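Treat the numbers as computed from the prediction; the structure is a model and nothing was measured.
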Amino acid sequence: MNDQAHFRVRFAPSPTGYLHVGGARTALFNWLLARQAGGAFILRIEDTDRLRHVAGAEDKIIDDLRWLALDWDEGPQVGGDNGPYYQSQRLDIYERHVQQLLEQGKAYYALETPEQLDAMRAEARKAGTSISYRRPDPLPTIEQGLAAKEEGRAVVVRFKMPPDDIVVRDMIRGELVVGEGELEDFVIQKSDGWPTYHLACVVDDALMKITLVCRGQDHLSNTPKHVALQRALGFEMPRYAHLPLIFNMSGSKMGKRDKHTAVHEAAARWVRDGKWKPDDIAERAGVAADAAAAWFGDKKAKRKPEFQAMPVDGLLRLADAADVVLPEIDVHDFRASGYLPESLGNFLNLLGWSGGDDLEFFDRGHAVKAFSVDRIIKSNAKFDRDKLLSLNKDWCAKAPADRLLAAFKDWTRAAGSPMAALDDDTAARVLAACAGFRTFRDVQAKAGILFADDADIEYDPKAVKKVLAKNDGAGYATLERLHPELETVEPWTAEAIEAFFNETCEKTGAKLGDLAQPIRVAVAGRPVSPAIGETLVFLGREKTLRRIRNCLDGRQS
RNA sequence: GCCCCCAUCGUCUAGAGGCCUAGGACACCGGCUUUUCAUGCCGGCGACAGGGGUUCGACUCCCCUUGGGGGCGCCA
């Protein structure tokens, strides 16, 4: 019991953008561990990189964690006894520890210039070794370091790596031994006085009494450094669990670059097909015309930094205009695409962990009970969106109606869908009429046009040809015939409308599709919509008749 | 280049020496249901990276090769 009360884990994101799915998985696993043990889950913002910091990113991360229902016991917004929880507010703490190491001779001021460091690295590479920094002999004294600082030179503090073997016990990977001389003296304080990740992380984990550090495997190689620091500072060593990484299906890293690449490929294709001119693209993306011309005429341009730096809103406008669905990378992207947090959480739970049974569809409650570190998988995983899509479909199908409705309303508002204005009852009926959808975007695609302005209808030429124009305009003839009859259908309900269609079929010997499809194309512009009765009810009689009329009036000979 | 980690269907994974004719899910293919698109139901295709050991017996243990990944920053 006491043991459980002392169980403390943390999630420590760096505010350089939205919450990445990999980070979300790490957060989830930590949360699961904490809830299961009855321990504490701490959120700490690692904002020690002033250059890469993105304004407002921490709030976005916090928002996405909340959306995923991963609540924390200590951290931003909730406080706690071990704060502050922003590293940028803990500089005095780090300074104190750096001074301590300095005074004890366990760290020293290092005066090398970037050029000297580069030279050392090149030399090490040639010599076939991975340690490049050579400790100066004799070491600069504290006085010398201070004096150099006075002169305005860039001075950092390096940790003096002790000549010991370091053993890290990882709960997932087992024992990891790093021998003497395999680690170099790394920087613990930058020349601007801010701590590096290694120092800040070790100090905070200790002061925040973290008992288990569960993080991405990309930190595995750093861990021996952390252990050495802990020893030097007299800290207790937490337990470690390094999670496998998550990649794209192609095996590439899931990064925000993927979005740029997707847009670039689409835009370049459109330029090639003559659909767009670089000038149009420049305008939409809000960039200089010559830049756009250079980017989209050049296959390799997508790798250029100027292109990668393209502003996000411009990117989104482009993607929207080009009908490109950007690959989802961040939690935020999945929100925008109309996924349920339940299914994203469920899916992430399955990446790098398995319950050992065939159960794949489960809620958080089950996850808390079933989760365990020894069932975490060692190998990296690929993020299969198809599987997520399928899982989301199942979650939508099984979610309680009120829960689904609430999530749907959130989404319509965020997505700026015309369905955002619907009352609850209608929205619920739309959801029911689209049953079988995979994401809310599917609902939008199927029924959104019914609630949009008439002018927003884009008639799909293929559908018009096949359903309306074919056979000497048989479909148009059907519209002419049904239009007046639809005026008299009473009441205007799905049942009555369906009954009307069925009766007409019986009378004329037509098949339902012969009647419903022309109507569907006329009112939706495409051969896809909910069942014909519901479709027309959502539209209302007036709009139905008007759209059919408009369609007939706009008929091309 | 150096150090480290990993390795079962296309993908996520089950498998802790005989339960394996290697199981499930997604994807894919075929069929059925269906007023469109979906959904749903039924069936099918499909893997132990290669080579050496250890053992009466290896997907399971060991070694090598190959492949994938990470680290080697005044990024985290």
Q. Taking NZ from A/Lys511 and P from B/U36, how many angstroms apart are they, rounded to a whole number?
A. 10 Å
Q: Specify the separation, in whole Å, of atom CG of A/Leu389 and atom C1' of B/A25.
A: 15 Å
Q.
Counting the atoms with a prime plus P, OP1 and OP2 as sugar-phosphate, which does A/Ser529 contact under 4.0 Å by heavy atoms, base, sugar-phosphate, or nothing?
A. base
Q) Could A/Arg125 and A/Glu123 be called an ion pair, given the rule that one side-chain N must be under 4.0 Å from one carboxylate O? A) no
Q.
Taking any heavy-atom pair under 4.0 Å as a contact, classify A/Leu391: base, sugar-phosphate, or nothing.
A. nothing
Q. Centre of A/Tyr108's six-membered ring, under 6.0 Å away, within 45 degrees of the axis: is that where NZ or CZ of A/Arg158 sits?
A. no
Q) With a 4.0 Å cut-off, would you call A/Glu458 and A/Arg526 a salt bridge? A) no
Q: Answer with yes or no whether A/Lys446 presents, from its side chain, a donor or acceptor under 3.5 Å of a partner atom in the base of B/C37.
A: yes
Q.
If I take atom CD1 in residue A/Ile377 and atom C1' in nucleotide B/G15, what distance separates them, rounded to the nearest angstrom?
A. 12 Å
Might you list the N or O atoms of the protein lying below 3.5 Å from N or O atoms in nucleotides 26-33 of chain B, with each pair's distance?
residue: B/C26; atom: O2'; partner: A/Asp386; partner atom: O; Å: 3.4
residue: B/C26; atom: O2'; partner: A/Lys387; partner atom: N; Å: 3.2

Q: Heavy atoms under 4.0 Å is the rule here; annotate nucleotides 69-76 of chain B 5' to 3' with B where the base is hit, S where only the sugar-phosphate is, and - elsewhere.
A: SBBBBBBB
Q) With a non-hydrogen cut-off below 4.0 angstrom, is A/Ala381 in contact with a base, only sugar-phosphate, or nothing? A) sugar-phosphate
Q) Hey, does A/Gly352 reach any base, or is it just sugar-phosphate, or nothing, if we go heavy atoms under 4.0 Å? A) sugar-phosphate
Q: Using a strict cut-off of less than 4.0 Å between a Lys/Arg side-chain nitrogen and an Asp/Glu carboxylate oxygen, indicate whether A/Lys160 and A/Asp185 qualify as a salt bridge.
A: no
Check: residues 461-468 of chain A side-chain donor-acceptor pairs under 3.5 Å, at least two apart:
none

Q: Under 4.0 Å between any heavy atoms, over every strand shown, what does A/Arg385 touch: base, sugar-phosphate, or nothing? Just pick one.
A: nothing
